[in-house]
Amino acid sequence: MKDHIIKDINLADAGKQRIEWARRHMPVLQKIKEQFENEKPLEGINVVACLHVTVETANLIHALRAGGANIALAASNPLSTQDDVAAALASEGIKVFAIKGETEEQYYECLEEALKIKPHITLDDGADTIALVHSKHLELIKDIKGGCEETTTGVIRLRAMAAEGALKYPVIAVNDAETKMMFDNRYGTGQSTIHGIMNATNILFAGKTVVVAGYGWCGRGVASRARGLGANVVVVDVEPRKALEAVMDGYRVMPMREAAKVGDLFITVTGNVSAIRKEHFQVMKDQAIVCNSGHFNVEIDIPALKVLSKSVDQIKNDVQEFVLKDKRRIYLLAEGRLVNLASAFGHPPEVMDMSFANQALAVRYINEKGRSLENQVYRVPVEIDKLVAQLKLEAMGIEIETLTEEQDKYLHSWTLGT
Ligand code: NAI
């Protein structure tokens, strides 16, 4: 097994500085790290982590290592790696296999290399490790106690596997912890998606019509941040309850075929394929900008856009210009990959503090329970979820109300109705 595949080890010092800065904004994870240092709950456990290689992930890796784990880290997206972070971790002896801008082929080579650690636990952001193990490395399954999954798209894939009886080890859906999705997906994706778009384009949001496709946790965050900057936000969703929520939140709601005509900027966060496709490109305004913050680069039908175009040019970093046959121009950001990670730093450390606190505690949980669990997708135990919230509040210096004995009794009784 190689020690690492990274861009440049000389970037390590810069990475270390940024990791340290993030650490200072991740107090809950630090508390867990200290506990892990004392108790060593992961001694001798091999972990493959297929996560976005960011400063926040580096802090998770430090916490797991403090607990005694041996870790191999690969990127969970070819464009999301922060090369200085990969270098910093490699310089500390952690096995890292990730280079920003790697090809699809290199991406899988890196994941294959990471799997050589022979994992007992797999961590995913998008389920690629689990998919690879279940398709090409069945021999590893006997030693794997379980896995953890970080994002909505991964959880959807894994639930589909479990429903077909294809999942061969238990997985914790870290994404579904309330202290993850309510904050990471909403506030993290909301802010960092706008940051990515600004970095790539420096456009003014005020006065623009911004179309947000998908009004789930991520979409709500993106829509509210775009509105906060003065954009007129249009929401597109296929689920009547989400669409209704968007209406009552004060947004215009319409199908994409209508939104396509009025939008200046389009942001997809559906976790689905082809939310924007041929018939939509055909009616878009000249110079419309399209980008994606959902997990995979399938939400915008890029092959269809290519077919409609007479030329495609990389006109600046992270901006491709598609000139259609009728001369309209459509700009695609970050090749349709997660714009918040490809063109900005991804989620802020304050929200990743909670997501990765859940990850770290879920790793400990799966290590303890392992194969006593069924080959299903489990939610993060509610005690862990509440503990993470409690620790975060403490770190923020916020005290909350507690139930009196009378109130507690009232809430647990059916006889005390009046
Ligand atoms: P969610 O399930 O809460 O919301 C998705 C929404 O999209 C739902 O309301 C659904 O009805 C809607 N939708 C599905 N197909 C659609 C279509 N064709 N057109 C319009 N709307 C459609 O999921 P969540 O948590 O908001 O995640 C969305 C995506 O973002 C996933 O791929 C997830 O993995 C990813 N994600 C990305 C992050 C990032 O850093 N950029 C962070 C967290 C999640």
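Quick note: residue numbers are just sequence positions, from 1. Order of appearance sets the numbers: ligands from 1, and atoms from 1 within every ligand. Just so it is clear, the model here is predicted, and its values are computed rather than measured.
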Among all protein heavy atoms in this structure, tell me which lies nearest to [atom], with the distance rounded to 0.1 Å.
atom                    : answer
atom 37 (C) of ligand 1 : S293 O, 3.2 Å
atom 28 (C) of ligand 1 : V269 O, 3.5 Å
atom 9 (O) of ligand 1  : D237 OD2, 2.7 Å

Contact with ligand 1 for G346, non-hydrogen, under 4.0 angstrom:
no
Does M181 have a non-hydrogen atom less than 4.0 Å from ligand 1?
no
Under 3.5 Å: donor-acceptor pair, side chain of [X], backbone of [Y]:
X    : Y    : value
E321 : Q314 : no
D83  : K100 : yes
T270 : A275 : no

Residues 289-304 vs salt bridge (charged side-chain N to carboxylate O under 4.0 Å, His left out), sequence neighbours excluded, gives none
Between [X] and ligand 1, find which residue part has any heavy-atom pair under 4.0 Å and reply side chain, backbone, both or neither.
X    : result
N272 : side chain
T153 : both
M256 : neither
H295 : both

Audit row: S343, D318, side chain to side chain donor-acceptor pair (under 3.5 Å) steps and yes/no:
CA-CA 7 Å; S343 306; D318 290 342; 2.9 Å; yes
Side-chain donor-acceptor pair under 3.5 Å between T54 and E56, yes or no?
yes
Would you say the side chains of H120 and D143 form a donor-acceptor pair under 3.5 Å?
no
Answer with yes or no after comparing the ring centroid distance for Y251 and Y215 against a 6.0 Å cut-off, counting only values under it.
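Here the rings of Y215 and Y251 have centres that are less than 6.0 Å from each other.
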May I ask you to list the atoms of ligand 1 that are less than 4.0 angstrom from any heavy atom of W217?
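Near W217, meaning under 4.0 Å from one of its heavy atoms, ligand 1 has 3 (O), 26 (O).
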Going by side-chain hydrogen bond (donor to acceptor under 3.5 Å, both in side chains), name the pairs with one or both residues in residues 84-97, residues two or more places apart or in two chains.
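The answer is D3-K95, K16-S91, R18-D84, H62-E92.
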Determine, considering heavy atoms only, which of T54, T152, T151 sits nearest to atom 24 (P) of ligand 1.
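The nearest heavy atom belongs to T152.
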Under 3.5 Å: N/O of G294 near N/O of ligand 1:
no
If you measure every N or O of T189 against every N or O of ligand 1, does any of those distances drop under 3.5 Å?
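The answer is no, given that T189 and ligand 1 share no N or O pair closer than 3.5 Å.
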